Amino acid sequence: MARPNEEIAGLIQEYADLLSVTGGDAFKARAYEKAARALGGHHADVSRLDVRQLREIPGVGASIAEKVAEYFRTGHIPALDERRTRIPSGVRELIRIPTLGPKKAMALHEDLGIASVDQLSAALDAGRLHGLKGFGPKTEENLRHGITLLRQAGGRIPLDQALQTAEDVVAALSAVPGCVRCAYAGSLRRMRETIGDVDVLVAAEDSAPFMTAFTELPCAAEVIAHGGTKSSLRTAEGVQVDLRVLPPAAWGAGLQYFTGSKAHNIGLRTIAVRHGLKLSEYGLFDADSGELVVSETEEEVYARLGLPWIPPPMREDRGEIAAALAGELPDPVTEADLRGDLHTHTDLTDGLAPLEDMVTAAAARGYAYYAVTDHAPDLYMQQMTAEKALAQRERVRALDRRHRGMRVLHGTELNIGPDGEVDWPDDFLAGFDLCVASIHSHFQLDRAAQTRRLIRAAENPHVDIIGHPTTRHLGRRPGIDADLEAVYAACARTGTALEVNGQPERLDLCDEDIRAARGHGVRFAVDSDAHTPVHLPYVRYAVGTAQRGWLTADEVVNTWPLRKLKSFLRTAG
DNA sequence: GCCGTTTTCGGCCCGACTGTTTTCAGTCG
């Protein structure tokens with residue numbers, strides 16, 4: 001999707017952060033935040049819009065439209081540059097620490113001169129926060145914990161950001177004359193939830209033009225290494241990208257080798273040795289003669305070892321080699337298997353686009369059905385009412401009649417309260433085509449209470465799907481503490497599906513949890529949780545996560561034909 | 001800063017939770 005949108009959204013968000021750190025009008029900062037979100041989620045390339053067209057985007061007025069246009073004209077936003085000179089970038093970095101907001105960040109900066117996460121960490125160790133107003137022992141503990149969380153994600157970048165970078169690089173190098181093949185490999189190809197660095201492979205006879213083209217990419221902020229067949233760079237966003245150029249004949253072996261994981265490759269090499277073979281990034285060789293056996297495609301490499309081709313997300317040495325040898329490797333669900341999306345939002349609550357736009361975009365994806373599931377009243381900030389829900393239902397029914405190829409379902413995303421209760425009485429819930437129910441607060445309840453509330457939600461006869469079941473937020477918050485095995489059992493018993501949520505900061509359930517839940521015979525829903533048409537493709541991350549969890553299409557309710565899905569929705573809960 | 005209007009100012013999703021505080025500020029969703 002349009003990269004300029006994300007670029008300008010990042011800058012406007014930065015401006016909002018800097019405004020909030022310096023205090024003043026909080027509503028002004030919020031206006032910039034809202035505009036950043038609107039620009040980032042806009043369906044068209046905002047760099048091609050003039051001021052008048054920009055102002056048509058909800059949340060973007062005269063002032064912000066002018067800044068956006070100026071940025072794409074000159075490459076600068078003077079107001080932002082001016083703020084940057086007054087506040088070190090490290091201060092903004094501080095507010096990425098959970099529980100540390102703009103006010104505390106500014107206090108740390110003004111009173112102690114702290115301007116980076118590292119400096120804060122050192123100040124904590126040195127006891128320099130003692131006596132600082134508003135910073136008690138509990139706050140110190142929270143800050144330490146927050147820094148740990150931040151550093152765990154530390155150095156690793158979210159899947160969507162890595163993919164965007166990789167696709168840009170692959171597109172650029174594919175256009176270089178002499179390119180036979182080009183693809184990304186590594187943990188990104190395996191769809192790990194966060195990515196350390198991006199690995200890109202090129203197959204070509206002559207590597208030199210690719211080394212040059214790579215190090216001269218516009219996204220390259222720093223060239224880390226520049227060799228004959230291998231180069232590395234760092235992008236302006238701090239993503240390290242490694243490029244390897246291979247002879248076209250070694251493509252399959254190279255792709256296999258650089259996709260990993262390391263543990264999976266060790267497993268393969270062990271099998272190779274047993275066959276009197278030797279496996280490297282250049283091919284599969286006879287151990288005695290050193291003669292090349294195969295190397296052109298991954299399929300050949302796996303086949304010569306007596307294995308079917310193993311989908312990259314499953315290559316984690318979690319039993320996939322043994323399963324493949326036994327002919328018992330599940331055939332994982334693919335994006336093409338999905339017939340619909342069952343968790344999406346509109347601007348009636350916290351989405352960015354009108355119902356009609358979301359439905360049009362969903363239809364363009366070729367879905368057979370599509371559910372609109374805006375938030376319910378218990379999430380107070382969303383201002384939902386029964387009247388609004390019913391009015392939306394009328395619009396959904398009208399759209400459903402208009403879209404011949406795609407059925408539009410009217411659902412809702414209920415809030416699971418601390419005791420497992422959800423919004424609205426039973427008779428009102430019965431009017432929805434489907435109900436997703438998710439946790440949005442009370443993350444600190446103890447294990448017994450979390451388990452109880454999830455099971456109660458699953459037992460609710462109107463609840464069809466538990467949305468983002470652990471509510472983890474990558475790099476910010478671990479999942480809730482619950483006896484998930486008991487929850488899976490309850491979902492299997494009540495016929496309630498568990499969601500695999502495709503938002504890159506969620507990916508919830510995660511791969512390991514999916515595998516555990518599968519054992520109970522649970523059904524799943526693989527959803528985007530889209531808040532704008534731009535998010536609809538996020539199902540690819542949910543599918544990648546599902547593949548890592550060995551999920552088959554049969555187990556995913558939104559691969560089913562509508563008739564079967566409806567039957568499931570009638571009996572679920 | 002944006003928006004909508006009973007048009008040009010006054011409101012802006014509202015409430016819970018936490019920790020530090022003796023009555024509330026900050027953060028979060």
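Not measured: the values here are computed from a predicted model.
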Residue pairs meeting salt bridge (charged side-chain N to carboxylate O under 4.0 Å, His left out), one or both in residues 530-540 of chain A, sequence neighbours left out, come to A:Glu167-A:Arg540

For B:dT8, give the paired nucleotide (Watson-Crick: N1-N3 plus N6-O4 or O6-N4; G-U: N1-O2 and O6-N3; both under 3.5 Å), or none.
none

Does A:Arg452 pair with A:Asp446 as a salt bridge, N-O distance under 4.0 Å?
no

Salt bridge A:Glu33-A:Arg30, side-chain N to carboxylate O under 4.0 Å:
no

Separation of B:dC2 P from A:Leu54 CG (nearest whole Å):
11 Å

Spacing between A:Arg55 atom CZ and B:dG4 atom P, to the nearest angstrom
11 Å

Contacting residues from residues 342-357 of chain A, given that a heavy atom lies under 4.0 angstrom of DNA chain B
none

Would A:Arg477 and A:Phe443 count as a cation-pi pair here, with the cationic atom under 6.0 angstrom from the ring centre and within 45° of the axis?
yes

A:Arg48 NZ/CZ over A:Phe72 ring centroid, <6.0 Å and within 45° of normal:
no

A:Arg493 meets the side chain to side chain donor-acceptor pair (under 3.5 Å) criterion, sequence neighbours left out, with A:Glu459

Take the protein atom CD of A:Glu140 and the nucleotide atom C1' of B:dG26, then report the distance between them rounded to whole Å.
17 Å

P atoms of B:dC14 and B:dT20, separation to the nearest Å
29 Å

From NE2 of A:His531 over to P of B:dC13, roughly how many Å is that when rounded to an integer?
16 Å

Short side-chain N/O contact from A:His442 to OP1 or OP2 of B:dA16, under 4.0 Å:
no

In whole Å, measure the gap between the P atoms of B:dG26 and B:dT21 for me.
12 Å

Touch check for A:Phe443, heavy atoms < 4.0 angstrom, all strands: base, sugar-phosphate only, or nothing?
sugar-phosphate

How is A:Phe27 classified with respect to the nucleic acid when contacts are heavy atoms under 4.0 Å: base, sugar-phosphate, or nothing?
base

Kindly say if A:Asn142 contacts the phosphate of B:dT18, meaning a side-chain N or O under 4.0 Å from OP1 or OP2.
no

Report yes if at least one side-chain N or O of A:Thr139 is closer than 4.0 Å to OP1 or OP2 of B:dT20; otherwise report no.
yes

Between A:Arg30 (CZ) and B:dT27 (P), how many Å, whole number?
14 Å

Pairwise C1' distance for B:dC2 and B:dC13, with rounding to whole Å:
15 Å

Which residues pass the ring-ring contact (aromatic ring centres under 6.0 Å, His included) test with A:Tyr32, sequence neighbours left out?
A:Tyr15

How far does the P atom of B:dG11 sit from the matching atom of B:dT7, given to the nearest Å?
15 Å

Looking only at B:dC13, B:dT20, B:dC2, the nucleotide nearest the A:Ser63 side chain is B:dC2

A:Arg83, A:Arg84, A:Lys67 screened by salt bridge (charged side-chain N to carboxylate O under 4.0 Å, His left out) with A:Glu14, the one that passes:
A:Arg84

With DNA chain B as reference, determine whether A:Gln444 or A:Val60 sits nearer its 5' end, using the nearest nucleotide of each.
A:Val60

At a heavy-atom distance below 4.0 Å, what parts of residues 96-104 of chain A sit against DNA chain B?
A:Pro98, A:Thr99, A:Leu100, A:Gly101, A:Pro102, A:Lys103, A:Lys104

Residue pairs fulfilling side-chain hydrogen bond (donor to acceptor under 3.5 Å, both in side chains) with at least one residue in residues 480-491 of chain A, sequence neighbours excluded:
A:Arg447-A:Asp481, A:Glu485-A:His520

Taking the C1' atom of each, how far is B:dT8 from B:dC3, in whole Å?
11 Å

Look at A:Glu356 together with A:Arg402 and state whether they make a salt bridge at an N to O cut-off of under 4.0 Å.
no

Mind listing the residues from residues 108-136 of chain A sitting with a heavy atom below 4.0 Å of DNA chain B? Number order is fine.
A:Gly134, A:Gly136

Would you measure the distance from the P atom in B:dC28 across to the matching atom in B:dT23 and give it in whole Å?
26 Å

Looking only at atom C1', what distance separates B:dT22 and B:dG29, rounded to whole Å?
28 Å

To the nearest Å, give me how far apart NZ (A:Lys28) and P (B:dG1) are.
4 Å

Using the rule side-chain hydrogen bond (donor to acceptor under 3.5 Å, both in side chains), only one of A:Asp527, A:Asp529, A:Asn558 pairs with A:His343; which is it?
A:Asp529

Looking at the side chain of A:Arg476, which of B:dC28, B:dG1, B:dC13 is the nearest nucleotide?
B:dC28

Rounded off to whole Å, could you give me the OH-to-P distance for the A:Tyr32 and B:dG1 pair?
5 Å

Would you mind classifying the nucleic acid contact of A:Ala62 as base, sugar-phosphate or nothing, using non-hydrogen atoms under 4.0 angstrom?
sugar-phosphate

Rounded to whole angstrom, note down the P distance from B:dG19 over to B:dC12.
30 Å

Begin with the C-alpha distance, continue with both residues' side-chain angles, and end with the deciding distance and a verdict on salt bridge (Lys or Arg N to Asp or Glu O under 4.0 Å) for A:Glu499 and A:Arg506.
CA-CA 11 Å; A:Glu499 182 176 70; A:Arg506 290 193 186 275; over 6 Å; no

Of all the nucleotides listed (B:dG19, B:dC28, B:dC14), which has the minimum atom distance to the side chain of A:Lys138?
B:dG19

Considering residues at least two apart in sequence or located in another chain, which fulfil the ring-ring contact (aromatic ring centres under 6.0 Å, His included) criterion with A:His468?
A:His440

Can you tabulate the close N/O pairs, meaning under 3.5 Å, that link protein atoms to atoms of nucleotides 9-11 of chain B?
none

Salt bridge (charged side-chain N to carboxylate O under 4.0 Å, His left out): which pairs involve residues 109-126 of chain A, sequence neighbours left out?
A:Asp118-A:Arg151, A:Asp125-A:Arg144

Residues at least two apart in sequence or cross-chain that pass salt bridge (charged side-chain N to carboxylate O under 4.0 Å, His left out) with A:Glu421, listed by chain then number, are none

What nucleotide among B:dG19, B:dG29, B:dG1 has an atom nearest to a side-chain atom of A:Arg477?
B:dG29

Protein-nucleotide distance (A:Asp378, atom CG; B:dA16, atom C1'), rounded to Å:
13 Å

What pairs with A:Arg453 under side chain to side chain donor-acceptor pair (under 3.5 Å), at least two apart in sequence or on another chain?
A:Gln450

